[in-house]
Participant: 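My structure is below; once you've seen it, I'll send some questions.
Indexing begins at 1, ligand by ligand and atom by atom, following the structure's order. Quick note: numbers below take in every heavy atom, side chains included, and nothing from hydrogens, waters or symmetry partners. The structure presented is a predicted model; accordingly, all values stated were derived computationally and were not measured.
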Amino acid sequence: MVTISAKPYDFELQPGKAALLIIDMQRDFIEPGGFGAMLGNDVTQLERTIAPLKALLAAARAAGMLVMHTREGHKPDLSDLHEAKRVRGKGSTTIGDEGPMGRILIIGEPGHDIIPDLYPIAGEPVIDKPGKGAFYATELQDLVDQHGLTQLIVCGVTTEVCVHTTVREANDRGMECLVLSDCTGSYFSEFHETALRMIAAQGGIFGWVGDSPGVIAALAAPAEPEAIS
Ligand code: C5J
């Protein structure tokens, strides 16, 4: 076990049972000129997550920690897109339509892909999710079971939408989530701050909030042996 400073209290990392889960660091959400920007969002709010996430990703890989990535999107035939999601917002251009980086949120299109700085490497599961939560209609629970995971270090965008939904899903499945403040981001800074407070409130009702330097230091530290009872 390795102790990481976090809110509301220290997080006890169990290296063999923890994975890094990076949510939706996709070009369409993050890059200027993507779908997120087209909707009028300030994508520069998300930029600050990239450098710390890059360092964390390198540290997790070096430590041999399982890294999983998610991408929000849909099949080209839209068979996994609920009509309610397709029409939400009453936009003139919506999911599946031609956007600035290919068809919007469609698997295989340039905008749907993960940004080059954080690109997955061989062996890292990439989970395509049609919803906001990473457990809904995906193979994530199978991966959790297969790898014997009990903890997730959760990063990515956006804090109050896909990160929060995933943390809530994981929490209800009995998992411990450590969410990193510098590696998560929102188009709205006040939503980011409040979403993180909500996670750690009431004794950690959804999980813990820490930061990447704490995790990177923990990954570099020799693990203390478990006490034998
Ligand atoms: C959104 C996400 N914001 N990844 N998706 O629609 O949070």
Side-chain angles (χ1 to χ4, degrees), residues 20-50 52-53 57 67-75 78 80-91 93-97 99-107 109-115 117-120 125-138 140 152-171 177 179-196 198-199 206-207 209:
L20 175 62
L21 182 64
I22 305 179
I23 305 283
D24 299 358
M25 291 298 287
Q26 293 163 255
R27 297 185 59 200
D28 247 338
F29 291 130
I30 291 154
E31 290 185 2
F35 178 49
M38 197 184 90
L39 293 178
N41 293 306
D42 177 10
V43 293
T44 62
Q45 293 281 343
L46 308 186
E47 263 172 32
R48 60 157 185 81
T49 64
I50 298 172
L53 248 172
L57 184 55
V67 177
M68 301 186 285
H69 308 255
T70 73
R71 301 184 298 196
E72 180 177 351
H74 299 274
K75 296 177 182 166
L78 305 183
D80 57 357
L81 174 62
H82 296 299
E83 184 61 6
K85 182 175 178 186
R86 196 185 68 79
V87 300
R88 188 69 51 84
K90 296 186 174 177
T93 311
T94 186
I95 298 170
D97 293 344
M101 294 185 187
R103 289 183 69 201
I104 293 165
L105 292 189
I106 298 298
I107 296 166
E109 298 289 335
H112 173 266
D113 214 350
I114 293 172
I115 59 169
D117 274 335
L118 304 175
Y119 213 74
V126 178
I127 299 154
D128 282 317
K129 62 185 191 53
K132 304 305 182 200
F135 284 88
Y136 168 69
T138 71
L140 181 53
L152 293 173
I153 298 170
V154 188
C155 302
V157 300
T158 61
T159 319
E160 77 280 16
V161 184
C162 292
V163 170
H164 230 267
T165 308
T166 299
V167 167
R168 289 169 184 235
E169 287 181 322
N171 188 55
C177 292
V179 181
L180 304 187
S181 56
D182 55 338
C183 294
T184 49
S186 167
Y187 299 122
F188 311 95
S189 58
E190 70 274 28
F191 289 177
H192 172 73
E193 295 302 331
T194 304
L196 294 180
M198 287 166 71
I199 287 167
F206 296 126
V209 177

Participant: In terms of residue, atom name and distance, what is the protein heavy atom nearest to atom 6 (O) of ligand 1?
Facilitator: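 That would be K132 NZ, 3.2 Å.
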Participant: Short N/O distance, under 3.5 Å, between C162 and ligand 1?
Facilitator: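 Right, the criterion is met.
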Participant: How about CZ on R88, more than 12 heavy atoms from neighbouring residues, nucleotides or ligands closer than 6.0 Å, or not?
Facilitator: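 Not more than 12 within 6.0 Å, no.
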Participant: Just wondering, do M68 and L140 contact through their side chains at under 4.5 Å, heavy atoms?
Facilitator: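 Yes; the side chains approach each other to less than 4.5 Å.
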Participant: Using a 4.0 Å cut-off to any heavy atom of V161, which atoms of ligand 1 qualify?
Facilitator: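 So the answer, numbered in order with elements, is 1 (C), 3 (N), 7 (O).
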Participant: Charged N to carboxylate O under 4.0 angstrom, E169 versus K132?
Facilitator: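 Salt bridge absent between E169 and K132.
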Participant: Would you find a donor on one side and an acceptor on the other, under 3.5 Å apart, between the side chain of T94 and the backbone of V87?
Facilitator: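 Side chain of T94 to backbone of V87: no pair is present.
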Participant: Using a heavy-atom cut-off of under 4.0 Å, does the side chain or the backbone of V157 touch ligand 1, or both, or neither?
Facilitator: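 Near ligand 1, V157 shows its backbone, while the atoms from C-beta on stay back.
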Participant: Heavy-atom contacts with D24 under 4.0 Å: which atoms of ligand 1 show up? List them by number with element.
Facilitator: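 Under 4.0 Å from D24, ligand 1 has these atoms: 2 (C), 4 (N).
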Participant: Compare all side-chain heavy atoms of Q26 with those of D113 and state whether any distance is below 4.5 angstrom.
Facilitator: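 No, their side chains stay 4.5 Å or more apart.
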Participant: Please confirm whether the backbone N or O of F29 pairs with a side-chain atom of Y187, one donor and one acceptor, at under 3.5 Å?
Facilitator: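 Yes, Y187 side chain to F29 backbone: donor-acceptor pair under 3.5 Å.
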Participant: Nearest non-hydrogen atom to atom 5 (N) of ligand 1 belongs to which of E72, K129, K85?
Facilitator: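 Minimum heavy-atom distance to atom 5 (N) of ligand 1 goes to E72.
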Participant: How does T158 reach ligand 1, if at all, at less than 4.0 Å between non-hydrogen atoms: by side chain, backbone, both, or neither?
Facilitator: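 Both of them.
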